[in-house]
Protein chains: 2
Amino acid sequence: MTEKTIRERKRGSGAQLVYETLREEILDLALAPGTPIDENQLAERLAMSRTPIREALVRLAGEGLVTQLPNRSTVVANIDFFNLHTFFDALTLMYRVTTRLAGEFHTAQDIQSIRARQREFARAVEGQDALAMIATNREFHAAIAEAGRNPYFTGLFCRLLDEGQRILRIYYSSFNDQLPHRYVVEHEQIIAAIEARDVNTCDRLATAHAEQIVQQIQSMISRGVSHNMPL
Amino acid sequence: MTEKTIRERKRGSGAQLVYETLREEILDLALAPGTPIDENQLAERLAMSRTPIREALVRLAGEGLVTQLPNRSTVVANIDFFNLHTFFDALTLMYRVTTRLAGEFHTAQDIQSIRARQREFARAVEGQDALAMIATNREFHAAIAEAGRNPYFTGLFCRLLDEGQRILRIYYSSFNDQLPHRYVVEHEQIIAAIEARDVNTCDRLATAHAEQIVQQIQSMISRGVSHNMPL
DNA sequence: CGATGAATTTCTGTCGACAAAGAGAATACA
DNA sequence: TGTATTCTCTTTGTCGACAGAAATTCATCG
């Protein structure tokens, strides 16, 4: 299926291909949390040696997407439902900080990029496509973070957004209520505040937006415990 | 010198050894920023194959301590003096957040650990040992972050502290003035605020402390431009 | 003498192989 | 039947080797 039938690969692209493939499968929950990753199997599937695969696994481990057990198999990182509050704390703060910095440092080009992402998000909401909403929402906020020009915050924020994507995917079927349209409106307000370089309003709106999202996730979890609760 | 004459190494410790060795040398500036890292040379020095060395390099790249140039040598990460403000922003915010969370979530055992680190820092200040001050100060704040119980913040903070350690090492000879004792006092105040679970005071003290440090680094840089200014 | 281009050398990315560690199966024992 | 022990098999960590890129050297030309 996903195999690369073409044996001709550019030098240096091997590990990158494995990295991107695994990353996508992990974030899409095609590989469920806790799933062991067999190096030999992957090597066969992607038609390459174990060396580039191990390199990709080390990178993914550095980003917290997989957990490497010494002398034992690497597994897809579990979602720690018992310490979600630390995740929410970090996510909320990064929402605030990146939006505030975007208000301070953005360029005209950043605004264009952010607006483009917002259009994609609005389109996903119109189309009732929950999976697309999750993805485009991520890109929208990543674009804002990029405009803030602080790689430390952007790095942590993107990592948190990825983690959040996995959580949201678990409950994405609950995503068809009236809330998404509210997000579109809030996004528009955030864009306006950034463009006006009103950092305090950026901060306030980002805080409110983050709390909305956190609350939605929490209600999804409390309503959907039946789905699956991995320990 | 640093070679491992003992050929008997435990399985799985190879990459770990390379990682720790390189990390220490990078943070101590034994390997200057921009220095290319030759895999073969390292393999010979540490008496092992290139495989575990490459694994360690990938990990270090994930933490931003080295930069991997495709099909070209890996180099020790440069210090971006032109964008130091992003570093200061992130560092200050993490000082605040981790100290605040420590005030909220610390246990009695955390306090013991923090106090122990503070004693080590005070000893370094008494002994006028600038290098020890840098190291023990890092450990003091890392202990506080640990007490805050948020791995996302702790992770970013430790990374920033490492980056800061490299910057401070460049100017550590300027570290023999009267300021360090002030840090000891401020540390004591921070400990008291954490122990009293007074999160607002934690926040205020951490902010002031961070600004102190940022100011000191900036004055070191402006005074010591003659040292070396890698572009 | 400086610049351009080809040949050589060096170093990285990938491969297949092997040995140790762990997981699982089979056996012995209570 | 349940538990402990040994053996086997699977899987990881490391190795040496090779091919492709890049850097370097060297030769040629203006």
Side-chain angles (χ1 to χ4, degrees), chain A residues 2-23 25-26 31-32 34-62 65-78, chain B residues 2-23 25-26 31-32 34-78:
Chain A
T2 326
E3 296 136 14
K4 278 285 160 186
T5 46
I6 303 160
R7 300 220 160 264
E8 306 302 328
R9 235 182 308 101
K10 279 177 203 158
R11 178 189 172 81
S13 72
Q16 188 66 19
L17 172 67
V18 183
Y19 171 79
E20 287 165 4
T21 303
L22 274 181
R23 178 191 156 80
E25 291 183 4
I26 292 172
L31 292 174
T35 307
I37 298 175
D38 187 289
E39 296 179 6
N40 295 314
Q41 190 179 318
L42 244 182
E44 193 179 1
R45 179 154 78 94
L46 297 181
M48 64 180 67
S49 145
R50 278 175 51 225
T51 308
I53 285 168
R54 283 177 64 81
E55 177 176 329
L57 289 178
V58 171
R59 271 211 270 167
L60 290 167
L65 291 177
V66 304
T67 308
Q68 291 188 304
L69 312 168
N71 283 322
R72 222 155 314 128
S73 83
T74 301
V75 299
V76 178
N78 275 306
Chain B
T2 328
E3 296 135 15
K4 279 284 163 188
T5 47
I6 304 161
R7 300 219 158 264
E8 305 303 328
R9 236 182 308 101
K10 279 177 203 158
R11 177 191 174 80
S13 72
Q16 188 67 20
L17 173 67
V18 183
Y19 172 79
E20 287 165 4
T21 303
L22 274 181
R23 178 191 155 81
E25 291 183 4
I26 291 172
L31 291 174
T35 306
I37 298 175
D38 187 288
E39 296 178 5
N40 294 315
Q41 190 179 318
L42 244 183
E44 193 179 1
R45 179 155 78 95
L46 298 180
M48 64 179 67
S49 144
R50 278 176 49 224
T51 308
I53 285 169
R54 284 179 63 82
E55 177 177 330
L57 289 178
V58 172
R59 270 210 271 167
L60 290 167
E63 295 175 27
L65 290 178
V66 303
T67 308
Q68 292 190 303
L69 311 169
N71 282 323
R72 223 156 313 134
S73 82
T74 301
V75 300
V76 178
N78 275 304

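Reminder, nothing fancy here: chain letters follow the sequence lines and each chain counts from 1. Computation of the quantities below employed the complete heavy-atom set of this structure, encompassing side-chain atoms and omitting hydrogens, waters and symmetry-equivalent molecules.
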Atom CD of Gln16(B) and atom P of dT12(D) are separated, to the nearest Å, by 19 Å

Heavy-atom nearest nucleotide on DNA chain C taken for Arg72(A) and for Glu39(B); more 5' hit belongs to Glu39(B)

message = By the 4.0 Å heavy-atom rule, please label Ile37(B) as base, sugar-phosphate, or nothing.
response = sugar-phosphate

Atom CD of Gln41(A) and atom P of dT12(D) are separated, to the nearest Å, by 10 Å

Rounded to whole Å, CE of Met48(B) lies from P of dA19(C) at a distance of 19 Å

Separation of dC15(C) atom C1' from Arg50(B) atom CZ, nearest Å, is 12 Å

Is there side-chain contact between Met48(B) and Leu17(B), with at least one heavy-atom pair below 4.5 Å?
yes

Is the shortest side-chain heavy-atom distance between Thr67(A) and Asn78(A) below 4.5 Å?
no

In whole angstroms, the gap separating P of dT12(C) from CD of Gln68(B) amounts to 10 Å

Q.
What's Asn40(B) touching, base or sugar-phosphate or nothing? Going by heavy atoms closer than 4.0 Å.
A. base

When rounded to whole Å, the CD to P distance for the pair Glu44(B) and dC15(D) reads 14 Å

- Item | Within-4.5 Å side-chain heavy-atom neighbours: Leu42(B) and Thr21(B) | no

### Query
Any side-chain heavy-atom pair from Arg59(A) and Leu65(A) closer than 4.5 angstrom?
no

Heavy-atom nearest nucleotide on DNA chain D taken for Thr74(A) and for Thr51(A); more 5' hit belongs to Thr74(A)

The nucleotide from dG16(D), dG16(C), dT12(C) with an atom nearest the side chain of Ser49(B) is dG16(D)

>> It should be established whether Arg54(B) places a side-chain nitrogen or oxygen under 4.0 Å from OP1 or OP2 of nucleotide dG13(C).
In response: yes

A side-chain contact here means heavy atoms from C-beta on lying under 4.5 Å apart; do Ile37(A) and Ile53(A) qualify?
no

Atom CG of Asn71(A) and atom C1' of dA19(C) are separated, to the nearest Å, by 12 Å

To the nearest angstrom, the CG-C1' distance between Leu17(B) and dT14(D) comes to 14 Å

